[in-house]
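For reference, positions follow the sequence shown, starting with 1. What you are looking at is a predicted structure, and each value in this text was computed from that prediction instead of being measured.
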Amino acid sequence: MAVAFDEMNIPGGDLRPAYQELARWLKETPPEALEYRRQEAELLFRRIGITFAVYGDSESTERLIPFDVIPRIMSGKEWALLEKGLKQRVRALNMFLRDIYHGRDILRAEVVPDDLIFQNPVFRPEMNGQQVPHDVYVHIAGIDIVRVDAEDFIVLEDNARTPSGVSYMLENREIMMRLFPDLFARHRVAPVERYPDELLSALRSVAPQGASGEPTVALLTPGVYNSAYYEHSFLADKLGIELVEGRDLIVKNNEVFMRTTEGVKRIDVIYRRVDDDFIDPLTFRPDSVLGVPGLMSAYAAGNITLANAVGTGIADDKAIYSYMPDIVKFYLGEEPILKNVPTWRCREPKDLAYVLDNLGELVVKEVHGSGGYGMLIGPAATKATIEAFREKLKREPEGFIAQPTLALSTCPTCTASGLAPRHVDLRPFVLTGSKNTTIVPGGLTRVALKEGSLVVNSSQGGGTKDTWILDE
């Protein structure tokens, strides 16, 4: 495997400019002082109660995501390029979603194969011809980015359904400011605190035409047993909006109301953290108790905005991902600023043959998978695992894509034996309202804490870091 790009050190012993001040500070800070603050950070996270649930984990239901106290630092120039690329990509995603539920120009032009859309379990025929306010489908996108060199940012995946993790971005910053004021004083770090205000203003801007002067927004959660419930309550609190469950809402005359102590109150925008399948038992899964009966008819009548829109899951699909460079060119007539990982589509016989011959070197992912589950990391897998995966691939090749094993960039990280490089990725959060697209500078850096590991997902033992963009 290629040598990983080191975000702090230049081969030959020099430091990258963004990290020079941190390196000086680290030299002056005794290891025991750093360890003391690391423990203090853990204590704060426990006290605040930032946990997430791991499904199917018998040992414990609630876990603390490990937090690394060494920030990841990027220059303002690097960020400017990344921001431009993210805005371009999310614009193309929104145009693509509008098109496949309306005119389908991209299918007629044979840029994307029909069957990838129509036979896709997350394509929602209910959304055909449905107008969504201001043509915005993806109001909140979490785009996972990796680096392999000094020049390029590469998109690992697009999260267009219900991207999570922004609460960690905000809490990580708060804790760093509290524990390391001296380190902050030495840098001009661009703020992330504006995120809740920007999210609220984006959500209000996409309210239906008939909404009152100040549109009412609510956050719909599946409830306390959901793995991201902490984040739902955190965001509702920060935005100053009601946190509701399906049973708190009712639909009357195609309008949506929430029950309050003063009676029912109409709502205009729902920031939903409930998947399509469960959102309305009258339209989707009839056994869902998490949704709101009749919500889809209020949506079809144009009386409620759902963020993100129903049917955005098709843009999360890893087979569709492989067409993103073509999608950007098709709608915007521009070259993509952010690259894709080279991807083999196992549904194509030529690609499948290559993948089967090279399983030991590739990463194979389920087309609809998420959270690092159901994937094969060839170089780290046993012979038996590879053989079992080979059979799976032969049985249902259309369910998988394969990619080369990327040498994700590394950042300095606190480990039991001192500072050491660990692999990282980045999830910036892109907000699209009726008028503009905004991104707070930074995002959630996830770090693979096990030496040599490339898996950064919290559900698979990864941790997080604060991400500093220098205001230059």
Side-chain angles (χ1 to χ4, degrees), residues 42 45-67 121-122 140 142 159-172 196 199 217-251 256 258-261 267 269-296 306-308 310 312-313 316 366 368-374 427 429 444 446 457-464:
E42 193 173 311
F45 274 115
R46 280 196 193 284
R47 194 172 298 152
I48 301 165
I50 304 190
T51 57
F52 74 104
V54 181
Y55 297 127
D57 181 358
S58 54
E59 288 167 44
S60 76
T61 45
E62 294 289 322
R63 267 198 216 161
L64 200 64
I65 295 189
F67 173 65
V122 291
I140 303 114
N159 297 289
R161 267 179 281 199
T162 50
S164 64
V166 79
S167 57
Y168 300 104
M169 172 185 88
L170 296 168
E171 291 285 26
N172 288 354
L199 174 57
V217 183
L219 192 153
L220 176 65
T221 174
V224 293
Y225 297 110
N226 183 267
S227 66
Y229 181 74
Y230 168 80
E231 174 156 299
H232 306 164
S233 57
F234 172 91
L235 282 173
D237 184 45
K238 287 274 186 213
L239 293 167
I241 61 176
E242 292 296 333
L243 179 67
V244 296
E245 291 181 34
R247 59 182 177 206
D248 302 322
L249 302 180
I250 43 172
V251 177
V256 185
M258 63 180 166
R259 297 184 170 93
T260 72
T261 47
I267 50 179
V269 181
I270 293 176
Y271 173 18
R272 62 170 183 125
R273 298 295 290 259
V274 174
D275 290 339
D276 289 358
D277 276 344
F278 300 98
I279 200 152
D280 181 348
L282 301 182
T283 306
F284 301 115
R285 282 184 57 160
D287 61 343
S288 168
V289 291
L290 303 174
V292 186
L295 183 60
M296 286 301 286
L306 297 177
N308 289 343
V310 171
T312 54
D316 279 10
E366 285 183 10
H368 307 302
S370 67
Y373 293 102
R427 178 177 291 182
F429 295 91
L444 179 67
R446 299 184 299 176
N457 297 72
S458 46
S459 50
Q460 313 280 320
T464 69

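Screening L249, V217, L219, V244 against I270 for a side chain to side chain contact (heavy atoms under 4.5 Å, CB included) leaves a single residue, L249.
Crowding of E242 atom CD: a count of heavy atoms from other residues, nucleotides or ligands under 6.0 Å not exceeding 12. Sparse packing is recorded around CZ of R247, with 12 or fewer heavy atoms of other residues, nucleotides or ligands lying under 6.0 Å away.
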Which atom pairs, one a donor and one an acceptor, fall under 3.5 Å between side chains of residues 280-296 and the rest of the protein, sequence neighbours left out?
{"residue": "D280", "atom": "OD1", "partner": "L282", "partner atom": "N", "Å": "2.8"}
{"residue": "D280", "atom": "OD1", "partner": "G294", "partner atom": "N", "Å": "3.2"}
{"residue": "D280", "atom": "OD2", "partner": "T283", "partner atom": "OG1", "Å": "3.4"}
{"residue": "D280", "atom": "OD2", "partner": "G294", "partner atom": "N", "Å": "3.3"}
{"residue": "D280", "atom": "OD2", "partner": "L295", "partner atom": "N", "Å": "3.0"}
{"residue": "D280", "atom": "OD2", "partner": "M296", "partner atom": "N", "Å": "2.8"}
{"residue": "R285", "atom": "NE", "partner": "D287", "partner atom": "OD1", "Å": "3.0"}
{"residue": "R285", "atom": "NH2", "partner": "D287", "partner atom": "OD2", "Å": "2.9"}
{"residue": "S288", "atom": "OG", "partner": "F278", "partner atom": "O", "Å": "2.8"}
{"residue": "S288", "atom": "OG", "partner": "L290", "partner atom": "N", "Å": "3.2"}
{"residue": "S288", "atom": "OG", "partner": "G291", "partner atom": "N", "Å": "3.4"}

Exercise. Determine, stepwise, if the pair L444 / N172 fulfils side-chain contact (heavy atoms from CB on, under 4.5 Å).
Key: CA-CA 9 Å; L444 179 67; N172 288 354; 4.0 Å; yes
Quiz item: What's the verdict on side-chain contact (heavy atoms from CB on, under 4.5 Å) for I140 and Y271, showing C-alpha distance, side-chain angles and the deciding distance?
Solution: CA-CA 9 Å; I140 303 114; Y271 173 18; 3.5 Å; yes
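A donor-acceptor contact shorter than 3.5 Å is absent between the side chain of N308 and the backbone of T162. Of the possible polar contacts, none joining the N226 side chain to the P222 backbone as a donor-acceptor pair under 3.5 Å is found. Remark: side-chain polar atoms of E231 are paired, donor with acceptor, to backbone N or O of G165 under 3.5 angstrom.
Considering every non-hydrogen atom in both L220 and G246, the closest pair reads CD1-N, 3.5 Å. Heavy-atom minimum distance, A218 versus I267: CB-CD1, 4.1 Å. Heavy atoms only, all atoms of each residue included: L243 and H232 are closest at CD1-O, 3.8 Å.
The OG atom of S164 sits 5.5 Å away from the CZ atom of R273 when rounded to the nearest 0.5 Å. Separation of atoms OH (Y229) and CD (E245) is listed at 6.5 Å; rounding is to 0.5 Å. Atom CZ of F67 sits about 6.0 Å away from atom OG1 of T464, to the nearest 0.5 Å. Note that CZ of F429 and CE of M169 are 6.5 Å apart. Values are rounded to the nearest 0.5 Å. With rounding to the nearest 0.5 angstrom, the CD1 atom of I65 is 11.5 Å from the CD atom of E171.
Under the ring pair (Phe, Tyr, Trp, His ring centres under 6.0 Å) criterion, F234 pairs with Y230, not counting sequence neighbours. With sequence neighbours left out, the salt bridge (charged side-chain N to carboxylate O under 4.0 Å, His left out) criterion links R446 to D144, D425.
The closest side-chain heavy-atom distance from L239 to L199 is below 4.5 Å.
Comment: R161 engages D316 in a salt bridge, judged by a side-chain N to carboxylate O separation of less than 4.0 angstrom.
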